[in-house]
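Okay, so here's the structure we're looking at.
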Amino acid sequence: MEATTPRPASHEKWELRLYTAGQSPKSLAALDNLQRLCDKHLAGRYSIEVIDLLKNPRLAKDDEIVAIPTLVRKLPEPLRKIVGDLSNVDRTLVGLQLKPR
Amino acid sequence: MTVEEADELRRAIADGEVDAFVVGAERDRRVLLLAGAYHRYRELVERMQQGAVSANARGNILYANQRFCELIGAPLLQLYTRPLESFAIADDRPKLARFLANAAYGSQVEIGIERREGPPLPVRMSLASVVDDYAAILVTDLRPLRLQQRTVELLASIRKTLEGAGSEPAAAIDAALAQVAALEREAQDLG
């Protein structure tokens, strides 16, 4: 039997949080890749909150962030984390459950 | 950390997709950047008197320093991913769009930018570098320069007036002093 991935409902609101380290190269790339991906797959129903851990490292505690950049899908639940610059679109889509594994 | 999260972390590190780690615990938590030189670069960018913006190829803001946030009058949180063009006054948007589309190292453009409060701000944008499709743009507040230009013009005008004032220069001097005082007030407002 083939494993299925729940597809997002078209009205679902997506809340994404990206943890960055200022304008480090991987942080810039992650935000750029994330915005492009969201514009293409979640147009009009997503929000991105960027948290710069260089400015406030203590905020890493909230989502137990270890490496930067890290993307956290807050909504829809369940919470999911994707570490890295999101340059691999397919893997990011799978990680966000926007595409079957 | 779950097994799945640990695997994701291992994969991202192996693929070279991370460039910083959070180390320590509770109050001692801090960010360790893999490229040590970046610390000094960042310190410089944050302390400089010019605004600095990193934008992607489409002109969306990926990062801005504190000075740029001050010039715009908005926190960085509200600037992420917004098109840089959206901050230009309407008349200057085509000019900025051309600059962003054709920008090469050292190219410049002078435009007015909207601020949360107050009149538009005259700025000069200069392309400092383009690395991996990301542009670093310096934003210079032109108000001090414009003030300086007006001061020079005013002094030239005062000199001309005095030369034509003949034996009763008092009124001309009073008028000139009032203009100088007005400029001084503007300069004080700029800090």
Side-chain angles (χ1 to χ4, degrees), chain A residues 16-39 46-73 78-88 91-92 94-97 101, chain B residues 1-2 4-35 38-39 41-43 45-46 52-58 60-66 75-83 131-136:
Chain A
L16 304 167
R17 183 180 286 174
L18 183 65
Y19 287 90
T20 64
Q23 53 181 336
S24 76
K26 300 298 179 190
S27 297
L28 293 186
L31 182 55
D32 185 24
N33 291 328
L34 178 61
Q35 195 196 8
R36 256 188 292 187
L37 183 146
C38 288
D39 283 347
Y46 73 91
S47 63
I48 299 171
E49 180 188 11
V50 181
I51 296 186
D52 184 351
L53 289 179
L54 277 180
K55 286 193 174 150
N56 198 344
R58 286 187 206 175
L59 295 179
K61 186 184 175 190
D62 289 357
D63 289 310
E64 297 175 339
I65 301 302
V66 177
I68 304 170
T70 292
L71 172 66
V72 178
R73 186 185 78 177
L79 183 144
R80 291 187 69 84
K81 285 185 204 170
I82 301 169
V83 182
D85 63 7
L86 314 178
S87 53
N88 186 322
R91 197 175 51 234
T92 306
V94 170
L96 287 171
Q97 294 184 312
R101 194 178 287 270
Chain B
M1 185 184 286
T2 64
E4 192 184 357
E5 285 175 351
D7 194 45
E8 166 70 359
L9 178 62
R10 182 203 54 74
R11 193 270 318 150
I13 294 170
D15 289 351
E17 286 191 13
V18 300
D19 56 9
F21 291 92
V22 179
V23 296
E26 300 303 324
R27 287 173 185 278
D28 293 331
R29 201 167 263 137
R30 63 198 166 86
V31 171
L32 181 70
L33 286 151
L34 294 183
Y38 176 71
H39 269 301
Y41 168 68
R42 179 184 166 91
E43 204 166 300
V45 167
E46 287 303 326
V53 178
S54 293
N56 63 16
R58 299 181 309 285
N60 299 113
I61 295 174
L62 301 177
Y63 188 81
N65 71 350
Q66 185 59 35
L76 179 57
L77 277 177
Q78 292 174 14
L79 304 184
Y80 283 120
T81 74
R82 279 189 59 182
V131 179
D132 296 336
D133 274 350
Y134 302 125

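Throughout, protein chains are lettered first and strands after them, A, B, ... in sequence-line order, and every chain is numbered starting at 1.
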Inset, instruction - Please determine, among A:P69, A:A30, A:S27, the option with the most heavy-atom pairs under 4.5 Å with chain B. - result: A:P69
Inset, instruction - Determine whether B:Y80 and A:D52 make a side-chain contact, defined as any pair of heavy atoms from C-beta on separated by less than 4.5 Å. - result: yes
Inset, instruction - With sequence neighbours excluded, give me every salt bridge (Lys or Arg N to Asp or Glu O under 4.0 Å) pair touching residues 28-38 of chain A. - result: A:D32-A:R36, A:D32-B:R58
Inset, instruction - Report yes if some heavy atom in the side chain of A:K55 is under 4.5 Å from a heavy atom in the side chain of B:L76; otherwise report no. - result: yes
Inset, instruction - Answer whether the closest heavy-atom distance between the side chains of B:E8 and A:I82 falls below 4.5 Å. - result: yes
Legend entry - Atom group of B:D15 that falls short of 4.5 Å from chain A, counting heavy atoms: side chain
Legend entry - Student check: side-chain heavy atoms of B:F21 and A:I68 closer than 4.5 Å: no
Legend entry - B:L9 versus A:V66, closest heavy-atom pair with distance: CD2-CG1, 4.0 Å
Legend entry - CD/A:E64: more than 12 non-hydrogen atoms of other groups inside 6.0 Å: no
Inset, instruction - Quick one: do B:L62 and A:Q23 satisfy side-chain contact (heavy atoms from CB on, under 4.5 Å)? Show the steps, please. - result: CA-CA 8 Å; B:L62 301 177; A:Q23 53 181 336; over 6 Å; no
Legend entry - Any side-chain heavy-atom pair of A:P25 and B:D19 under 4.5 Å: yes
Inset, instruction - Sort B:V23 into side chain, backbone, both or neither according to what part of it lies under 4.5 angstrom from a heavy atom of chain A. - result: neither
Inset, instruction - Could you pull out all residues at least two apart from A:R73 that satisfy side-chain hydrogen bond (donor to acceptor under 3.5 Å, both in side chains)? - result: A:Q97
Inset, instruction - For the pair B:R11 (side chain) and A:V83 (backbone), establish whether a donor and an acceptor sit closer than 3.5 Å, ignoring hydrogens and angles. - result: yes
Legend entry - Closest contact, heavy atoms only, B:E17 versus A:S87: OE2-OG, 3.6 Å
Legend entry - Note: A:R80-B:E5 ion pair, threshold 4.0 Å (strictly below): no
Inset, instruction - Select, from A:V50, A:I65, A:L18, A:I51, the one with the greatest count of heavy-atom pairs under 4.5 Å involving chain B. - result: A:V50
Inset, instruction - Grab the two heavy atoms, one from A:P57 and one from B:R30, that are nearest each other, plus how far apart they are. - result: CB-CA, 3.8 Å
Inset, instruction - Give, for atom CD1 of B:I61 and atom CG of A:L28, the distance between the pair rounded to the nearest 0.5 Å. - result: 12.0 Å
Legend entry - Side-chain touch B:N56/A:Q35, heavy atoms, less than 4.5 angstrom: yes
Legend entry - Structural part of A:A29 lying under 4.5 Å from a heavy atom of chain B: both
Inset, instruction - Indicate yes or no: at least one non-hydrogen side-chain atom of A:K26 is less than 4.5 angstrom from one of B:V18. - result: no
